[in-house]
Protein chains: 2
Amino acid sequence: MVTIADVAQKAGVSISTVSYVMSGKRAISQETRDRVEKAIDSLGFSPHAGARSLASRSTNVIGLQAPLRTGVDVHVVMQVVTGVVTQARKHGYDILLIASDDSKALLRAAKGSMVDALLVMDVESDDPRIETLSGLDHPSVLIGLPEGRRAVPCVDFDFEAAGWLAVDRLVALGHRRLALIGSPPEVMARHTAYADRLARGFLAACEANGVHGTVHACPSSAESIATVDAVMMEDPGITGFFVHNEGALPHVATTIAQRGRQRGDEPAILALCPDDVARSVPGLADSIAVPAEAIGAAATDMICEILASGAKPAVRLLPPALTGAAPAAR
Amino acid sequence: MVTIADVAQKAGVSISTVSYVMSGKRAISQETRDRVEKAIDSLGFSPHAGARSLASRSTNVIGLQAPLRTGVDVHVVMQVVTGVVTQARKHGYDILLIASDDSKALLRAAKGSMVDALLVMDVESDDPRIETLSGLDHPSVLIGLPEGRRAVPCVDFDFEAAGWLAVDRLVALGHRRLALIGSPPEVMARHTAYADRLARGFLAACEANGVHGTVHACPSSAESIATVDAVMMEDPGITGFFVHNEGALPHVATTIAQRGRQRGDEPAILALCPDDVARSVPGLADSIAVPAEAIGAAATDMICEILASGAKPAVRLLPPALTGAAPAAR
DNA sequence: CTGAAAGCGCTAACAG
DNA sequence: CTGTTAGCGCTTTCAG
């Protein structure tokens, strides 16, 4: 292994000079800088991360607790993670993946000085990890927006506003009875924050618009078909559908279109999902995009800012927007 | 921050004793062990990862290079990653996520002593990273099976055998003209190792069985419908379909069934995908499971074994098996 | 503008 | 069975 001492020797300078060349924390004459840099890459030197973190008391690693179980919207999770990792590298940070979804795993990473900060996904409305996080001296950011006291900064998509936007859109298209086909029952039951907020926005907007609206949990498998059938049977007047369930989307879209054809009306389907997912479903007129990668990037920016400048905790919600989905083939 | 010295003082022992209590690397009397352990958790001590890695020259971290872009089979990637992370924790390792898919990112992690070993996913048949890896003094395992010299140990699903199994099954069901509806064109073009091997096994098995077989790239979006239509138009005699494309699966299954109904025969669809994905598609009779999580776990076991005992590089392929998919709802 | 040297917190000889 | 101590490779005062 090549160490900073090797570099110093080769460049004919002291160890500290090499260190300062790398960190830029003090002025170095162009001449020595050149010599040191040449030595560094002729030797292929890269500083030992552990030694660095021991001496500097910072790791340049961010811990990311991501829900890797299937059942959640896989594409969304992937894209958020991608956003996080990509943006983190831009800020000079690496990502330690934390898979178990409990407080203990967070504590382990923080107290073992494995990370400088924590990013936590898949937050529930009343999440026990929030207390853990606020007791830590590592900064953290939630990807999600829980209820209650804002002890920890949050970044998320504005699901509540998305509910409003969807209703406004469906109403503008002339629909007066709407249904939100939402997350799987497990997700609803856990009161995952986004599901709660979406439903709240949707229902409030229905009321404000004076239209009828109902919210339905929906399995993300093929069983979703039965759910939609049941909804359409029970209230045949429903013609406006707002679907927030990635796994069910293709089945649901097909079913709704088919049933609509059978009874001779033209139901509208508005989906809430990443753009590329929407594009892959045939027959979707338009959708509201979940900017998953942007969410990950924004959360990362926030935590890096806190790390860099001790910025104040805050809440940041990315606004929803309608997207005309490209016409699916055929 | 609480250090090992604090623990030693509180327990009335030397710091090396504390260290040895934690590592178990030398005999400790029950009495002192108890005292030390009590001190450790009354103080809430956890050793500083960086200090540890500096002194011990090992990080207890494994770098995982995963393809986070969408387009690959998202569920499969997720499950492999889950398998890796979960199994790694069992062996006492954490996972550093490496998102950029080049050699440079691998070098950075290895040469910066951020990881003890590397796990690399999404391997191409002739992958430049292999040379990088074999030049490193960190051990590594590929999740995937490239062609050629086996310079680096590999773990993968036996896609070639899966090709054979699928053909045998479809032939046993009485089909004589088969089509493999495979990965998206980009994946095929890149010669992603698994796509190549699956096609090879499929075609060889067709020949051995004396049946007709063709291989088709297929977009994973709704455009897949057009692909299937084209295949069925061109050769109306094809009744056996083997589908290896998670994104396209629901559309393809629907289309094939529908076209079959139109022309009055009963095409068979055999899917190659994770079990839960198969179960979520209505009308799939049976499938071959891609044991994604097991692959991740197996790769992790292998790298940990190499790390622990300097075991020899090897190739390990998980065998395919038919699964009767649970009857989808409705 | 540059060097010398004191740690950072831990592991692993070495010495009893 | 336990303690002492010399580093591990780097950052950062302190001193020129």
Side-chain angles (χ1 to χ4, degrees), chain A residues 1-37 39-40 43-61 92 94 108-116 137, chain B residues 1-37 39-40 43-61 92 108-116 137 307:
Chain A
M1 157 172 253
V2 26
T3 75
I4 196 173
D6 301 329
V7 176
Q9 181 163 39
K10 174 132 188 180
V13 297
S14 73
I15 285 182
S16 60
T17 297
V18 176
S19 176
Y20 284 119
V21 165
M22 303 189 69
S23 71
K25 288 191 181 171
R26 82 178 177 192
I28 304 278
S29 74
Q30 189 56 47
E31 195 188 5
T32 41
R33 171 185 306 283
D34 287 346
R35 237 165 344 122
V36 169
E37 273 164 355
I40 286 180
L43 291 175
F45 166 70
S46 22
H48 186 290
R52 194 169 238 187
S53 93
L54 181 54
S56 69
R57 326 188 123 274
S58 93
T59 61
N60 275 279
V61 173
D94 283 287
R108 217 181 68 83
K111 302 211 13 168
S113 302
M114 316 182 70
V115 300
D116 291 341
D137 30 52
Chain B
M1 157 172 252
V2 28
T3 75
I4 197 174
D6 302 329
V7 176
Q9 181 163 37
K10 173 133 190 181
V13 298
S14 72
I15 64 172
S16 63
T17 297
V18 177
S19 176
Y20 285 120
V21 165
M22 303 189 69
S23 71
K25 287 190 181 172
R26 83 180 179 191
I28 304 279
S29 74
Q30 190 56 48
E31 197 188 2
T32 42
R33 172 187 306 283
D34 288 346
R35 241 171 334 127
V36 169
E37 275 165 355
I40 285 179
L43 292 175
F45 167 70
S46 21
H48 186 292
R52 195 170 235 185
S53 93
L54 181 55
S56 69
R57 326 189 120 275
S58 91
T59 60
N60 275 278
V61 173
R108 216 181 68 83
K111 301 210 16 167
S113 300
M114 317 182 70
V115 300
D116 291 341
D137 31 50
L307 245 15

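What's counted below: heavy atoms across the whole structure, side chains too, no hydrogens, waters or symmetry copies. In what follows, chains carry the letters A, B, and so on, assigned in the order in which the sequence lines appear, proteins first and then strands, with residues in each chain numbered from 1. Worth saying up front: this structure is predicted, and the values here are computed from it rather than measured.
- Looking only at distances, a side-chain donor or acceptor of B/Asp6 sits under 3.5 Å from a matching main-chain atom of B/Thr3.
- In this structure, the separation between CZ on A/Arg52 and OG on A/Ser19 is 7.5 Å, given to the nearest 0.5 Å.
- Residues A/Gly50 and B/Ser53 approach most closely at CA-OG, 3.5 Å, considering heavy atoms.
- Of the inter-residue distances, the one linking B/Ile15 atom CD1 with B/Tyr20 atom OH reads 10.5 Å to the nearest 0.5 angstrom.
- What you find for B/Ala49 and A/Ser113 is that their closest heavy atoms are CB-O, 4.2 Å.
- The heavy-atom pair separating A/Met1 from B/Lys111 by the smallest distance is CE-O, 4.5 Å.
- The nearest heavy atom of DNA chain D to B/Gly12 and to A/Met1 marks one nucleotide each, and the one closer to the 5' end goes with B/Gly12.
- The two residues B/Val18 and B/Ile4 have their closest heavy-atom pair at CG1-CG1, 3.5 Å.
- B/Met22 contributes atom CE, which lies 5.0 Å from atom CZ of B/Phe45 (distance to the nearest 0.5 angstrom).
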### Summary
Going 5' to 3' through nucleotides 10-16 of chain C and flagging B where a protein heavy-atom sits under 4.0 Å of the base, S where only the sugar-phosphate is that close, and - otherwise, we get BSBBB--
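- Scanning all heavy atoms of the two residues, the minimum distance from A/Ala39 to A/Ala11 falls at CB-CB, 3.9 Å.
- Environment of CD in B/Glu37: crowded, with over 12 heavy atoms of neighbouring residues, nucleotides or ligands closer than 6.0 Å.
- Residue B/Ser113 is out of contact with every strand shown, counting any heavy-atom pair closer than 4.0 Å.
- Axis angle, first five pairs versus last five pairs of the helix from C/dC1-D/dG16 to C/dG16-D/dC1: 40°, rounded to 10°.
- Nucleotides of DNA chain D with any atom under 4.0 Å from a heavy atom of chain A span, from 5' to 3', D/dG9 to D/dC14.
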